[in-house]
Undergrad: 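Supplied in structure tokens, the structure appears directly below.
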Amino acid sequence: MEKKTRRTFLCQAARTGAALPLAAAAMHLAPGAATRAAAQPDNPIPYMREVPYYEKLKNKQIKCKICPRECVVGDKERGFCGNKENHGGKYETLAWGNPCAAHNDPIEKKPLFHFLPGAQAFSIAAAGCNFDCKFCQNWDISQSRPEQTRNLDLPPKDVVRYAKQVAAASIAYTYGEPVVFYKYMYDCAQAGRAAGLRSVMISNGYINTKPLAALCGVLDAVKIDFKAYTDKFYKQTCLGTLKPVLDAMVTVKEHKVWLELVYLVVPTLNDNASDIRAMAKWIVKTLGADTPIHFSRFQPQYKLKNLPPTPLDTLDRVYDICRDQGLHYVYIGNVPGHRAESTQCPKCGKTVIARYGYLVTSNDIKNGKCRFCGKAIAGVWA
Ligand code: SF4
Ligand SMILES: [Zn+2]
């Protein structure tokens with residue numbers, strides 16, 4: 001069998017649509033609406049774009065400054081996230097305009113509960129991640145490279161076009177880790193804003209302050225995964241660190257972009273009551289009591305199949321801890337029908353948004369206020 005270099009493999013795959021190893025990313029666009037990659041004669045690997053935020057070093061090496069990993073990458077090599085490559089000292093993404101997933105989702109699925117409830121978000125993802133979480137739900141995307149996923153040909157102008165066609169209110173960068181397809185996300189958000197579409201980033205928050213601050217200029221909401229309130233968990237379970245994620249939350253807040261947090265409660269690893277209490281205190285003090293937090297039920301998967309699903313009483317306990325610390329909006333996710341899926345007014349206690357799973361069953365917020373007592377409910381409602 002002919003021995004192929006990685007580059008010839010990529011070129012041939014892009015030209016012919018050859019059978020690539022596929023990730024399980026279903027795409028819900030109309031058949032034929034978007035096509036596989038078509039290489040141009042002057043650009044044998046389509047979708048390459050120079051990324052912002054990197055530093056040139058000696059011997060054609062570069063240092064990527066997008067996320068706190070700050071990978072030093074030699075010529076013809078890639079960084080940790082696997083979707084950017086150094087070409088002679090020029091750092092280029094291979095994941096611009098070729099998402100491996102595109103769906104129209106309810107915004108509640110992200111989850112964002114205080115951002116245009118009931119609206120749809122046109123959601124896209126590209127391969128690669130700057131973490132390797134042992135519980136990842138989307139490991140087939142996050143731990144793949146762009147040449148290992150089945151991709152669509154979807155430059156930003158087409159993302160906007162499809163989002164409008166399906167009457168989405170926003171574009172969501174999600175499923176995998178959008179920080180590592182920064183350039184594509186930024187360009188889509190900019191094009192979306194010009195066309196009246198909002199943008200939401202669903203992220204692990206592992207991003208340097210400078211690129212995040214620039215991104216905040218084109219984003220309308222951010223959901224950050226709070227993996228745990230210990231550096232140990234970040235290091236051992238995600239191959240990351242806690243401090244940059246806390247800094248990212250503060251940056252989003254400072255830029256007045258709507259922020260919600262999600263915490264997947266993994267039995268024995270991050271369900272310690274005193275850590276949860278300390279985290280709730282930090283959120284109230286630093287981000288404010290109006291910051292929503294969603295506690296999700298863990299299901300055994302990927303590299304953590306040895307642990308059981310989160311017991312429901314553990315979720316109830318973390319809910320109570322956070323409410324006792326003064327957080328106004330605490331939710332429990334992945335448990336359809338749980339009372340903590342709905343939003344209660346912090347003043348009168350009445351349900352102002354009732355939900356079942358991703359479905360909004362009633363909405364009693366009028367002009368951003370509780371319809372029963374007039375209390376302002378934090379969020380983006382119109
Ligand atoms: S974005 Fe990717 S290449 Fe850049 S520092 Fe992070 S992991 Fe490394
Ligand atoms: Zn009220």
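In listed order, ligands and their atoms are each counted from 1. Model, not experiment: these values are computed from the prediction.
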Undergrad: Examine the proximity of ligand 1 to Lys84 and report which part, side chain or backbone, both or neither, has a heavy atom under 4.0 Å away.
TA: side chain
Undergrad: What do you reckon, does Tyr91 put a non-hydrogen atom under 4.0 Å from ligand 1?
TA: yes
Undergrad: Side-chain heavy atoms under 4.5 angstrom apart, residues restricted to Ile, Leu, Val, Met, Phe, Trp, Tyr: same cluster for Leu116 and Val257?
TA: no
Undergrad: Between atom 4 (Fe) of ligand 1 and Cys81, is there an N, O or S atom separated by less than 2.8 Å?
TA: no
Undergrad: Would a distance-only check, ignoring hydrogens and angles, find a side-chain to backbone donor-acceptor pair under 3.5 Å from Tyr182 to Pro211?
TA: yes
Undergrad: Can we call the ring centroids of Trp139 and Tyr302 under 6.0 Å apart?
TA: yes
Undergrad: Of Lys350, Arg371, Lys369, which meets salt bridge (Lys or Arg N to Asp or Glu O under 4.0 Å) against Asp364?
TA: Arg371
Undergrad: Distance under 4.0 Å to a non-hydrogen atom of Glu70: what atoms of ligand 1 satisfy this?
TA: 5 (S)
Undergrad: Could you identify the single nearest non-hydrogen protein atom to atom 6 (Fe) of ligand 1 and state the distance to 0.1 Å?
TA: Cys67 SG, 2.3 Å
Undergrad: Counting backbone and side chain alike, does Cys71 bring an N/O/S atom below 2.8 Å of atom 8 (Fe) of ligand 1?
TA: yes
Undergrad: Would you mind listing which atoms of ligand 1 come within a distance below 4.0 Å of any non-hydrogen atom of Gly79?
TA: 3 (S)
Undergrad: Assess the residue pair Asp158 and Arg161 against the criterion (salt bridge (Lys or Arg N to Asp or Glu O under 4.0 Å)); give the C-alpha distance rounded to whole Å, side-chain angles, the decisive distance to 0.1 Å, and a yes or no.
TA: CA-CA 5 Å; Asp158 288 338; Arg161 188 161 60 87; 3.2 Å; yes
Undergrad: With atoms numbered from 1 as shown, which atoms in ligand 1 lie under 4.0 angstrom from a non-hydrogen atom of Cys64?
TA: 1 (S), 3 (S), 4 (Fe), 5 (S)
Undergrad: Might you work through the ring pair (Phe, Tyr, Trp, His ring centres under 6.0 Å) test for Tyr206 and Tyr234, ending with a clear yes or no?
TA: CA-CA 11 Å; Tyr206 205 56; Tyr234 269 87; 7.6 Å; no
